[in-house]
Amino acid sequence: MSIVNTHKKIETMDDAAYKALMEVTGFAEPQGPKLKWGDFKKTLKVNDDGVVVTADGEVVNFLKAVQEDRQFEVKY
């Protein structure tokens, strides 16, 4: 028995099923929950000395605020 593959491209019809199969068969690492950085960032505050804290006042040691150089260009 011979199988002839005449298809040029394989497309994913169901991303969730595709990812689950890849994880089960060992072709992909299981993915944790997606981080919502934008939502989390909105809850943070920066003190005058640049320390990043949560809304509860807890210091976030793995983040730091840095001065951003603003640049703009005027075209005419």
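Computed from heavy atoms alone, side chains included, the values below leave out hydrogens, waters and symmetry copies. All values reported here derive from a predicted model rather than from experimental measurement.
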Would you tabulate the side-chain donor-acceptor contacts of residues 40-48 under 3.5 Å, counting partners in other chains and residues two or more places apart, or write 'none'?
from	atom 1	to	atom 2	distance (Å)
Thr43	OG1	Phe40	O	2.6

Result block: side-chain N/O donor-acceptor pairs under 3.5 angstrom for residues 54-62, not counting sequence neighbours:
from	atom 1	to	atom 2	distance (Å)
Thr54	OG1	Asp56	N	3.3
Thr54	OG1	Glu58	N	3.2

May I ask whether Val52 and Trp37 are part of the same hydrophobic cluster, defined by side-chain heavy atoms of I, L, V, M, F, W, Y residues being less than 4.5 angstrom apart, directly or through others?
yes
How does the hydrophobic cluster around Phe72 look, that is, which other residues are in it when side-chain heavy atoms under 4.5 Å mark a link?
Val74
